[in-house]
Amino acid sequence: MTGNAISSQTDKHKNPTGYIILIGALVGVNYASAKLVTQAGVTALSATLAQLLLAGLFLYLLLRLKRERLSFRREHIKYYILNGFLGITVPTLIAYWVLKYIPAWLLTVLVTLSPLITAGLTSLVERKLIASQRLLGITIGLAGISLVTFSSVQEGQFDPIWILFGAAMPLSLAIANIYRNKAYPRDTTSIGVASGTMFSQVLLLLPALLLIDDPAATAGPMTAVWWIMLGIGFLTAGSYALTFFIQDRTDSVGFSQVGYFATISGVLVAALVFAEPISPVIFVAIAVLFVGLALTNGHLQLPSLRRPNSQSN
């Protein structure tokens with residue numbers, strides 16, 4: 001037992017950077033792949049339900065391979081539903097919806113707003129003043145996203161209102177982050193929580209699908225891109241599995257680096273697959289956004305703004 005305990009403690013301190021980069025890459029590729037699904041004519045509701053169902057099945061298979069079980073306790077079911085709705089269903093629906101009108105790379109940039117919004121909302125919920133460095137980081141990050149928005153509207157052929165709708169995605173993710181920190185069930189397995197969350201959202205969306213969408217009309221477009229949908233489901237399951245794998249190996253600040261790599265991979269994939277025009281100004285704006293995010297999360301420290309004897313913002 002002593003040997004296992006030592007091994008476990010050693011594993012927790014292994015550098016998770018490689019996994020963080022991989023998760024970011026998976027997330028970025030997923031958003032770019034979702035663009036192909038929307039272009040095929042699959043509705044946002046149908047695509048979301050298919051993605052969650054496939055991801056849930058992959059995660060459940062992993063759960064069974066680990067000889068673990070789903071928990072159906074009341075507090076766990078509540079968490080599955082609320083966290084899944086805020087952190088998965090709403091963002092995914094918005095993604096498929098707005099991807100019909102904005103470039104795929106722009107959506108991945110908008111997702112990077114989530115840590116900035118989380119920092120701001122956390123200060124409001126906890127009724128604490130935002131530290132000077134974090135406030136500066138949020139301001140710089142918003143300036144970066146404003147520059148991205150202005151440049152993309154100038155070069156693109158889409159209504160800027162869709163950027164506003166897309167911004168609801170990181171807002172929902174930020175609210176989910178705050179809820180997750182307060183309500184995450186510690187007495188169950190992480191893969192079980194992920195699998196249960198996916199299945200709860202499938203059950204939540206199924207009645208809406210039957211009432212709003214026409215299954216017969218959706219079948220054709222879905223059949224044409226079934227292999228892309230299967231890949232998205234697999235990548236979604238993989239990103240969640242990796243997320244929980246490194247959950248005890250880094251803190252929220254370290255994990256927030258996922259946003260950097262999701263944006264980079266999303267921009268690159270969108271440029272290569274869809275030949276979406278990306279000007280040098282856009283890369284400058286993304287760099288400004290990254291500086292703001294690094295200041296907000298504490299990856300970049302400004303000694304003049306740090307409080308004496310403080311650890312990290």
Side-chain angles (χ1 to χ4, degrees), residues 15-32 91 95 102-123 130-156 163 166-174 177 239 242-243 246 250-272 276-306 312-313:
N15 189 343
T17 301
Y19 297 111
I20 290 174
I21 294 174
L22 181 55
I23 294 172
L26 293 178
V27 172
V29 171
N30 244 9
Y31 285 130
I102 66 174
W105 67 265
L106 180 55
L107 182 67
T108 64
V109 174
L110 290 175
V111 173
T112 314
L113 281 174
S114 177
L116 302 176
I117 299 174
T118 300
L121 290 180
T122 299
S123 68
I130 303 177
S132 300
Q133 174 169 310
R134 179 161 286 182
L135 181 60
L136 176 62
I138 293 174
T139 303
I140 293 175
L142 292 177
I145 200 68
S146 298
L147 183 56
V148 168
T149 302
F150 177 77
S151 301
S152 58
V153 170
Q154 290 293 104
E155 297 180 11
I163 299 179
M169 182 179 178
L171 175 61
S172 184
L173 289 170
N177 288 338
S239 64
L242 285 171
T243 296
I246 69 169
T250 187
D251 56 14
S252 58
V253 173
F255 185 74
S256 64
Q257 296 176 81
V258 166
Y260 299 114
F261 302 107
T263 298
I264 293 171
S265 65
V267 169
L268 292 177
V269 172
L272 292 173
E276 293 178 348
I278 304 174
S279 71
V281 176
I282 297 296
F283 286 104
V284 172
I286 292 174
V288 172
L289 176 60
F290 279 10
V291 170
L293 185 58
L295 285 169
T296 303
N297 292 332
H299 301 140
L300 180 64
Q301 294 288 341
L302 295 181
S304 61
L305 294 179
R306 295 179 64 181
S312 171
N313 292 333

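Along the sequence shown, residues carry numbers from 1.
Distance alone, capped at 3.5 Å, places no donor-acceptor pair between the Ser172 side chain and the Ala168 backbone.
The CG atom of Leu26 sits 6.5 Å away from atom CG of Leu242, with the distance rounded to the nearest 0.5 Å. Note that CG of Leu295 is 5.5 Å distant from CG of Leu136, once rounded to the nearest 0.5 Å. Here CG of Leu106 is found 12.5 Å from OH of Tyr31. Values are rounded to the nearest 0.5 Å.
Take Leu171 and apply the side chain to side chain contact (heavy atoms under 4.5 Å, CB included) test, not counting sequence neighbours, and it matches Ile117, Leu121, Ile175.
Counting only heavy atoms from C-beta outward, the side chains of Met169 and Val111 approach each other to under 4.5 Å.
Smallest separation of non-hydrogen atoms from Leu173 and Pro91: CD2-CG, 3.7 Å. Of all heavy-atom pairs spanning Leu107 and Ala95, the tightest one is CD2-CB, 3.8 Å. The two atoms that bring Ser114 and Pro170 nearest to each other are N-CB, 3.6 Å, heavy atoms only.
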